Amino acid sequence: MIKAIRGFKDILPSEACIWQYVETISQKILRDYGFSELRLPIIEDTSLFVRSIGQDTDIVSKEMYTFPDRKNHSLTLRPEGTASVVRAFVEHKMYARDQYKKFYYLGPMFRYERPQAGRSRQFHQIGAEIFGLAEASVDAELLILVYDLFSKIGLPSITLSLNSVGCPACRPPYKKILQEYLQKDHATLCLDCQQRSEKNPLRVLDCKNDDCQDIISRAPTILEHLCPTCQHHQQEVERLLKLSNAPYQINHRLVRGLDYYTRTAFEVTFAGLGAQNAIAGGGRYDNLVEEFGGPPTPAIGFALGLERVVLALQGQGTIPPPSPSIFLAALGEKAREKAFLLLRSLRQKGFCIQMSYQDSSLKSQLKQANQQGAQFTLILGENELNNQRIIIKDMEHASQEEVALEDISEVLKNKFLPFLAKREIF
RNA sequence: GUGGGUGUAGCUCAGUUUGGAUAGAGCUCUGGAUUGUGGCUCCAGUGGUCGAGGGUUCAAGUCCCUCCACUCACCCCA
């Protein structure tokens with residue numbers, strides 16, 4: 001039997017309805033906040049990711065799906081979305097137009113990692129990016145958007161961790177200070193961290209190895225060594241979050257795994273997801289547009305992991321409400337023919353209605369109606385057809401009444417009013 | 001990439017220790033009890049390359065080897 005390859009999954013209908021629910025709500029909120037959708041290619045030139053994410057990051061050095069095409073160009077299945085958004089922003093000179101500076105995207109990303117709960121090789125993100133604004137209020141707005149988003153989706157109990165990773169003016173001096181500090185206890189650090197302290201000392205901070213914990217906990221923090229501009233920016237972001245009653249935790253050890261971040265860096269976690277508990281993350285990247293040949297353009301963005309959001313919703317038993325539906329049971333050849341036409345006419349009027357494809361017993365058709373979760377079943381047999389009437393049965397209350405066939409659409413409309421009133425999104 | 005656990009019906013699992021004849025249960029599904037009335041109950045039936053391949057043996061779901069997948073942790077991150 002041929003199976004889906006490792007780390008790639010089918011999303012079956014019972015789960016896909018949760019995906020649709022999350023995607024629909026997210027897109028509505030993003031549009032309300034002024035974001036427009038940007039649809040991007042799934043494959044890009046390999047150098048796009050090497051240059052933006054960073055050669056020495058784990059993503060680039062060991063997790064990318066990179067392969068040569070037929071003309072030996074090195075291509076890569078995108079491991080994240082921001083690089084492509086920046087590429088498109090510069091390529092189409094979108095900086096020249098005011099109206100499109102907030103973008104969102106959604107779609108599959110690919111990383112060659114060991115699969116486990118909440119982590120597959122093809123995974124899906126919804127991301128949002130804002131270009132051209134350096135103000136701290138933009139950072140705050142984006143974080144508040146994240147809160148609104150998760151709250152509307154049905155996950156209000158998230159934890160927001162916040163930090164600053166500085167800028168080209170203050171990060172290098174801090175790196176040196178950290179490196180000097182780490183040098184004193186170099187031998188005590190784990191092997192990984194001994195290497196990291198040379199290449200990328202900031203990454204030592206989020207090491208979970210016991211040997212390193214004591215050293216890390218007493219390490220100088222970056223917030224104490226920010227330049228005045230970064231410091232002011234950070235304080236202003238925090239002030240606006242407090243003003244908005246958006247809780248957050250400063251995490252001095254929060255370091256992102258992508259090199260392009262500057263200043264604000266954050267991560268959203270959800271308890272109960274196990275080891276892979278980060279459901280969203282992002283930060284500011286004020287120099288990336290310029291590095292890709294655009295004019296100096298500050299930017300900030302975030303992405304959320306759809307698999308993990310869906311897992312979190314399933315974990316707390318949140319299941320989107322089924323659409324109200326009708327089942328049409330018909331008995332005998334003549335009634336089935338009439339029902340076939342009625343089915344179409346009711347669908348054209350906007351009703352969600354199904355009928356049995358086989359001329360089976362009423363019992364079996366009612367069973368089908370029950371399985372499909374139909375609120376009402378219409379019963380059309382020879383008797384009803386002869387009198388030009390139809391039975392409408394309320395499945396939940398097990399009650400039924402007979403109405404004139406020509407009135408059925410009006411009767412159903414009235415029956416469905418209370419159901420429709422309860423539904424906000426669909 | 002490293003280490004631990006697990007793979008038996010569509011789903012959840014027993015059986016593997018100590019090899020033995022047609023591999024079981026519950027749920028689901030189909031039919032009946034109920035001729036045109038679903039959910040509850042009772043009865044019957046359908047459904048299995050026992051993860052894959054190889055080996056040992058008179059005999060393998062059970063023992064051995066290799067591989068694969070899932071899962072947890074490390075790692076990393078969304």
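Keep in mind that the numbers below use all heavy atoms, side chains included, and drop hydrogens, waters and symmetry copies. Please read these numbers as outputs of a predicted model, since none were measured by experiment. To find a chain, count down the sequence lines: A is the first, B the second, and so on, and within it residues start at 1.
Under the 3.5 Å distance criterion, the side-chain polar atoms of A/S120 are matched with a main-chain donor or acceptor of A/Q122. Using a distance-only test at 3.5 Å, with no hydrogens or angles considered, a donor-acceptor pair links the side chain of A/D394 to the main chain of A/H397.
A/E382 has no carboxylate O lying under 4.0 Å from a charged side-chain N of A/K338, or vice versa, which leaves the two without a salt bridge. A/E402 and A/R389 are joined by a salt bridge, as a carboxylate oxygen and a charged side-chain nitrogen come within less than 4.0 angstrom of each other. Salt-bridge check for A/K413 with A/E410: passed, with a basic side-chain N closer than 4.0 Å to an acidic carboxylate O. Between A/K152 and A/D148 there is no salt bridge, since none of the side-chain N atoms of the basic residue sits less than 4.0 Å from a carboxylate O of the acidic one.
Atom P of B/rU56 sits at a distance of 15 Å from the matching atom of B/rC65, rounded to the whole Å. Across B/rC42 and B/rU34, the matching C1' atoms stand 13 Å from one another, rounded to whole Å. Separation of the C1' atoms belonging to B/rU12 and B/rC29 is 16 Å when rounded to the nearest angstrom. Comparing B/rU16 with B/rC72, their C1' atoms are spaced 23 Å from each other, to the whole Å. Taking atom C1' on both nucleotides, B/rU28 is separated from B/rG55 by 39 Å, rounded to a whole Å. For the P atom pair drawn from B/rU30 and B/rU66, the interatomic distance equals 45 Å after rounding to whole Å. Between the C1' atoms of B/rU17 and B/rG32, the separation comes to 44 Å (whole Å). Only the P atoms considered, B/rG15 is 15 Å distant from B/rG51, to the nearest whole Å.
A cation-pi arrangement is absent between A/R121 and A/F110 under the rule of less than 6.0 angstrom and at most 45 degrees off the ring axis. Judged by a 6.0 Å distance limit and a 45° cone about the ring axis, A/K102 is positioned over the six-membered ring of A/F35. Geometric assessment of A/R111 against the ring of A/F123 yields a negative cation-pi assignment under the 6.0 Å and 45° thresholds.
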Restricting to nitrogen or oxygen on both sides, can you table the protein-nucleotides 37-48 of chain B pairs closer than 3.5 Å?
residue: B/rU37; atom: O2; partner: A/K393; partner atom: NZ; Å: 3.0
residue: B/rU37; atom: O2; partner: A/Q400; partner atom: OE1; Å: 3.3
residue: B/rU37; atom: N3; partner: A/Q400; partner atom: OE1; Å: 2.9
residue: B/rU37; atom: N3; partner: A/Q400; partner atom: NE2; Å: 3.4
residue: B/rU37; atom: O4; partner: A/Q400; partner atom: NE2; Å: 3.1
residue: B/rG38; atom: O6; partner: A/M395; partner atom: O; Å: 3.3
residue: B/rG38; atom: N1; partner: A/M395; partner atom: O; Å: 2.4
residue: B/rG38; atom: N2; partner: A/N370; partner atom: OD1; Å: 2.7
residue: B/rG38; atom: N2; partner: A/M395; partner atom: O; Å: 3.2
residue: B/rG38; atom: N3; partner: A/N370; partner atom: OD1; Å: 3.2
residue: B/rG39; atom: O4'; partner: A/N370; partner atom: ND2; Å: 3.2

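With the 3.5 Å cutoff on both pairing distances, Watson-Crick and G-U pairs in RNA chain B assemble into runs of at least 3 at B:1-7 with B:68-74, B:10-13 with B:24-27, B:29-33 with B:41-45, B:51-55 with B:63-67.
The distance between atom CD of A/E15 and atom C1' of B/rC11, rounded to the nearest whole Å, is 15 Å. When rounded to the nearest whole Å, the span between CG of A/N383 and C1' of B/rU35 equals 13 Å.
A/Y248 contributes atom OH, which lies 14.5 Å from atom CZ of A/F266 (distance to the nearest 0.5 angstrom).
Residues A/R256 and A/A265 come closest through the heavy atom pair CG-CB, 3.7 Å.
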Nucleotides 66-78 of chain B: protein proximity per nucleotide (B base, S sugar-phosphate only, - neither; heavy atom, under 4.0 Å): ---SSBSBBBBBB

